[in-house]
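Because the structure is predicted, anything quoted here is derived from the model rather than measured. Reminder, nothing fancy here: chain letters follow the sequence lines and each chain counts from 1.
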Amino acid sequence: MTPGMIHIPTLETERLTLRAPAARDLDPFAAFFASPENTQYLGGSKTKPETWRYLGEVIGHWAMRGFGRWIVCRKGSDTPVGLVGLHEPLDWPETEVGWYIWDGKGEGFATEAGAAARAWAYTTLGLTTLVSIITPGNSASIRVAEKMGATRAPDWDHPRHGALLVYRHPGPGGRI
Amino acid sequence: MKITVDIPTLESERLILRAYDPARDFDRLAAFMATDKSRFFLGPLDRYGAWRLAATFVGHWVQRGFGLFAIEEKETGDFSGMAGPWAPETWPEPELAWFLTPDKEGRGYGTEAALCARSYIYDQLGWDNVASAIEPDNAASIKLAERMGARADYEHPLPKGGVVVYYRHPGPEAL
């Protein structure tokens, strides 16, 4: 990584575009994080200034790691429907593929975008394994992980949030 | 398609102001954020929090088109603090912010870096004025702002309680 340079590629799936997060994404992002319901498994709601900073963290993660999360839009639209991709802040046990979908729930967007992010991690970054870390009770997210072929691994004790479920994904070529 | 953020490099007599470099700067940033002095600068934070904060510094460049520079001491290459224009959401106006790591204080580096960043704000960003938001008990920063010709302009309440005072700098025409 060259300091001061961030490269975020754009990925396309059948129905979705995964693109770089941008300043213009703040309002939909903030609306999602303002809701206690949406964020009950994500560490709780955030104010708009907190969300602005978090959006900066999401963007900056790309500079820190060379990978990160994308804003997900329906193809042909610039309106964000979710945030999906790779996540590994300093306190994370290993690289995670994660998904937040706030528009179009139940349409399989998390699975479709998550699979694209996972494929990119394996083919472009050369990673050989990924996990998804899920708060107990988040059954929608567990279903996505299972649909992607991930299986339960030992829990991870998060220093603040306690025991979290770890799902390990099949590796490149479908190896478990 | 990809996005690119190009953070410029500035230079003063003894300092280089450049993009934050995780590989070279993180340990010293994290050490600073663990000190009580960082309470004027979003701290104190543990290493994990410092890592996330550093990510927000870089993200800010993408969100705003400007942001904080890492201050590098030419003589040693040491990360010595940060300075630059800073505009988190809901602040009343963008500000010129700075901090120095405690081991680099007392040499005029803070003033040197802040002057360099102020020139960047006026000459490169084209702003016609800028203020620095400083908490009333941050005596070192108030002294630095006054040395740069800035004067207390107005107070703004802080979410954590208390106020921050905006010190208005002389405009480009007065320099």
Side-chain angles (χ1 to χ4, degrees), chain A residues 1-12 17-27 29-30 33-34 43 46-71 73 78 83 87-93 120 124 158-161, chain B residues 1-10 16-27 29-30 33 42 45-70 72 77 79 82 84 86-92 94 156-160:
Chain A
M1 296 294 294
T2 308
M5 306 292 274
I6 308 177
H7 298 294
I8 306 180
T10 300
L11 308 184
E12 300 272 335
T17 301
L18 281 66
R19 62 154 174 83
R24 66 180 182 280
D25 298 320
L26 177 65
D27 284 345
F29 206 55
F33 278 104
K46 293 185 203 295
T47 64
K48 195 167 182 186
E50 285 167 348
T51 309
W52 187 86
R53 195 159 287 176
Y54 185 58
L55 181 58
E57 185 188 317
V58 169
I59 297 168
H61 186 291
W62 283 91
M64 305 287 126
R65 294 289 192 205
F67 57 80
R69 289 177 285 178
W70 290 267
I71 284 286
C73 302
D78 189 55
L83 183 79
H87 188 50
E88 193 178 355
L90 192 65
D91 50 348
W92 244 231
W120 185 81
T124 305
H158 186 284
R160 289 185 310 281
H161 306 308
Chain B
M1 197 210 94
K2 57 192 179 187
I3 68 149
T4 298
V5 54
D6 200 352
I7 301 175
T9 298
L10 316 177
I16 296 170
L17 274 62
R18 55 159 174 80
Y20 172 79
D21 180 349
R24 294 168 63 195
D25 302 341
F26 178 64
D27 283 342
L29 172 69
M33 292 312 301
L42 306 166
L45 296 171
D46 63 14
R47 270 178 79 80
Y48 304 134
W51 192 93
R52 287 166 191 267
L53 180 66
T56 71
F57 291 160
V58 181
H60 187 291
W61 278 92
V62 176
Q63 289 167 291
R64 297 291 194 216
F66 56 82
L68 296 174
F69 297 90
E72 177 183 323
F79 171 87
M82 298 198 79
W86 181 240
E89 188 74 10
T90 74
W91 284 72
H156 183 74
L158 282 174
K160 66 178 179 185

[X] side, atom [atom1]; [Y] side, atom [atom2] - distance, nearest 0.5 Å:
{"X": "Arg52(B)", "Y": "Leu90(A)", "atom1": "CZ", "atom2": "CG", "result": "9.0 Å"}
{"X": "Glu57(A)", "Y": "Trp51(B)", "atom1": "CD", "atom2": "CH2", "result": "7.0 Å"}
{"X": "Trp61(B)", "Y": "Ile6(A)", "atom1": "CH2", "atom2": "CD1", "result": "11.0 Å"}

**Prompt:** Checking Phe57(B) against chain A: side chain, backbone, both or neither under 4.5 Å from a heavy atom?
**Reply:** neither
**Request:** Check each atom of Arg64(B) against the heavy atoms of chain A and say whether the ones under 4.5 Å are side chain, backbone, both or neither.
**Result:**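 For Arg64(B), the side chain is the part near chain A, not the backbone.
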**Asked** Would a distance-only check, ignoring hydrogens and angles, find a side-chain to backbone donor-acceptor pair under 3.5 Å from Gln63(B) to Trp52(A)?
**Response**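 Yes.
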**Request:** Give the member of Pro159(A), Pro49(A), Pro89(A), Ala23(A) that has the highest number of heavy-atom pairs under 4.5 Å with chain B.
**Result:**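 Ranked by contacts with chain B, first place is Pro89(A).
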**Request:** Heavy-atom pairs under 4.5 Å with chain A are the metric here; pick the option from Val58(B), Thr90(B), Thr56(B), Thr9(B) that has the most.
**Result:**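 Most heavy-atom pairs under 4.5 Å with chain A: Thr56(B).
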**Item:** Leading residue by heavy atom contact count with chain A [cutoff under 4.5 Å; candidates Pro159(B), Ala55(B), Pro88(B)]
**Value:**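 Among Pro159(B), Ala55(B), Pro88(B), the one with the most close pairs to chain A is Ala55(B).
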**Request:** Answer yes or no: are there more than 12 heavy-atom neighbours, outside Tyr48(B) itself, under 6.0 Å from its atom OH?
**Result:** no
**Fill in**
Applying ring pair (Phe, Tyr, Trp, His ring centres under 6.0 Å) to Trp91(B) and not counting sequence neighbours gives none
**Asked** What are the two closest heavy atoms between Pro22(B) and Ala63(A), and how far apart are they?
**Response** CG-O, 4.3 Å
**Prompt:** So what's closer than 4.5 Å to chain B heavy atoms on Leu55(A): side chain, backbone, both or neither?
**Reply:** both
**Request:** Please tell me if the side chains of Thr51(A) and Glu89(B) come closer than 4.5 Å, counting only heavy atoms from C-beta onward.
**Result:** no
